[in-house]
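The structure appears right after this line, and notes come after that.
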Amino acid sequence: MMFEKGKRAQRQSEDDKVFNRMLLWLAGAVVAELLLLFLQKVYVEMIFDGVVAQALSNIFRVFSVAGIVIVIACAVWAVMNQRSGKSVTLPIIIAAVAACLWVVSLLSYFLYAEGVRLLMLFPAAAAVLIIIFFLYQRPFFLNALLTGGGLLALWLHRQYYMTHPRFITACIIGGVVLLVLAAVLAFQLRKTDGKLFGIRVMPVDSNYMMTWITCVVVAAAMVAALIMGTTAAYYLLFVLVGWLFAQAVFFTVKMM
């Protein structure tokens with residue numbers, strides 16, 4: 001009896017820690033939303049003056065290229081550290097920050113006001129993904145992240161392809177490349193029992209079949225939208241939403 005009580009107390013303590021971490025991440029999403037609101041005031045509405053907005057525009061223009069260079073450099077750095085037995089935490093953190101700033105720069109510079117308004121949707125989407133990460137299995141989090149990226153690409157295609165065809169085409173091509181990398185990552189994680197650079201990323205018993213199917217489904221939807229046009233993109237949005245819902249049901253049943 002005392003042993004069972006001890007196990008329940010330990011489980012309750014672990015659940016509390018997970019819940020507290022989730023609240024911290026959700027608070028971070030709120031802070032990000034506030035920062036984006038401030039960016040809209042300064043960059044779009046120009047509450048100070050045009051000089052500040054122009055300076056930000058120049059920074060965004062430079063970082064829209066430099067950001068991806070930094071991410072690639074950090075990836076190489078992480079691989080070199082891993083091979084030499086050093087910690088990969090610092091390059092991964094820098095790469096994550098650079099990737100976020102790169103997305104902000106890309107959308108703010110090329111889409112201006114529309115891009116900033118689009119960025120303000122990201123914290124809400126991030127909050128949903130945070131909840132999925134802490135409440136569901138990690139494979140579902142990865143699949144939801146990939147599907148969410150596909151939904152974003154299709155929405156951008158429908159909204160902005162007519163006015164920014166090159167930008168949207170580049171986004172979709174980049175999205176397909178990321179999906180291919182995600183599929184390769186899943187193969188690597190299966191070989192290493194869920195570890196990457198010695199860090200536990202997925203549970204040992206993870207099934208990656210749903211991830212590979214997600215990569216194929218999302219990539220096919222994005223390419224089809226690019227070929228068939230904005231009307232097809234509208235209907236393909238519902239296809240991906242349906243696929244995300246099907247995965248939610250699958251992983252919920254798997255948890256029971």
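We use all heavy atoms of the structure for the numbers below, so side chains are in, but hydrogens, waters and symmetry mates are not. What you see is a predicted model, and the numbers here were worked out from it, not measured in a lab.
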task = Please assess Y161 against F167 for the test side-chain contact (heavy atoms from CB on, under 4.5 Å), listing each intermediate value before the final yes or no.
result = CA-CA 8 Å; Y161 184 77; F167 176 75; over 6 Å; no
request  = Determine, stepwise, if the pair Y235 / V239 fulfils side-chain contact (heavy atoms from CB on, under 4.5 Å).
outcome  = CA-CA 7 Å; Y235 292 104; V239 172; 5.9 Å; no
message = I'd like to know whether L154 forms a side-chain contact (heavy atoms from CB on, under 4.5 Å) with Y234, so could you lay out the CA-CA distance, the side-chain angles of the two residues, the decisive distance to 0.1 Å, and finally the verdict.
response = CA-CA 7 Å; L154 292 177; Y234 173 76; over 6 Å; no
message = Using the rule given for side-chain contact (heavy atoms from CB on, under 4.5 Å), can you reason through I92 versus C74, listing the C-alpha separation, both sets of side-chain angles and the distance that settles it, and then say yes or no?
response = CA-CA 7 Å; I92 289 176; C74 287; over 6 Å; no
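Side chains of S64 and W102: no donor on one and acceptor on the other come within 3.5 Å.
Between M222 and L226 there is no side-chain heavy-atom pair separated by less than 4.5 Å. The closest side-chain heavy-atom distance from L151 to L237 is below 4.5 Å. Within the 4.5 Å cutoff, side-chain heavy atoms of S108 are placed close to those of L119. At a threshold of 4.5 Å between non-hydrogen side-chain atoms, the residues T192 and Q188 count as touching. Within the 4.5 Å cutoff, the side chain of V104 has no heavy atoms near those of the F63 side chain. Contact annotation: the side chain of L146 approaches that of L142 to within less than 4.5 Å [non-hydrogen atoms, C-beta and beyond]. Side-chain contact between F122 and L152: present, with at least one pair of heavy atoms (C-beta onward) separated by less than 4.5 Å. The shortest distance between side-chain heavy atoms of V116 and Y112 does not fall below 4.5 Å.
The CE atom of M120 sits 7.0 Å away from atom CG of L36, with the distance rounded to the nearest 0.5 Å. Within the model, atoms CG of L118 and CH2 of W155 stand 5.0 Å from one another, a figure rounded to the nearest 0.5 Å. Atom CD in Q54 sits 8.0 Å away from atom OH in Y43 (nearest 0.5 Å). Atom CG of L178 sits about 10.0 Å away from atom CG of L145, to the nearest 0.5 Å. With rounding to the nearest 0.5 Å, the separation of OG1 in T163 from CD in E114 is 8.5 Å. The line from CE of M22 to CH2 of W25 is 13.5 Å long, rounded to the nearest 0.5 Å.
Listed for the H157 side chain is no donor-acceptor partner under 3.5 Å among the backbone atoms of I168. Side-chain atoms of T214 come within 3.5 Å of backbone N or O of M210 as a donor-acceptor pair.
Within a 6.0 Å sphere centred on CH2 of W212, heavy atoms belonging to other residues, nucleotides or ligands number more than 12. For CE of M46, the number of neighbouring non-hydrogen atoms (other residues, nucleotides, ligands) closer than 6.0 Å is greater than 12.
Ring geometry, F140 versus F251: the interplanar angle falls under 30°, so the pair is classed parallel (tilted spans 30 to 60°).
F60 has its ring centre no less than 6.0 Å from the ring centre of F110.
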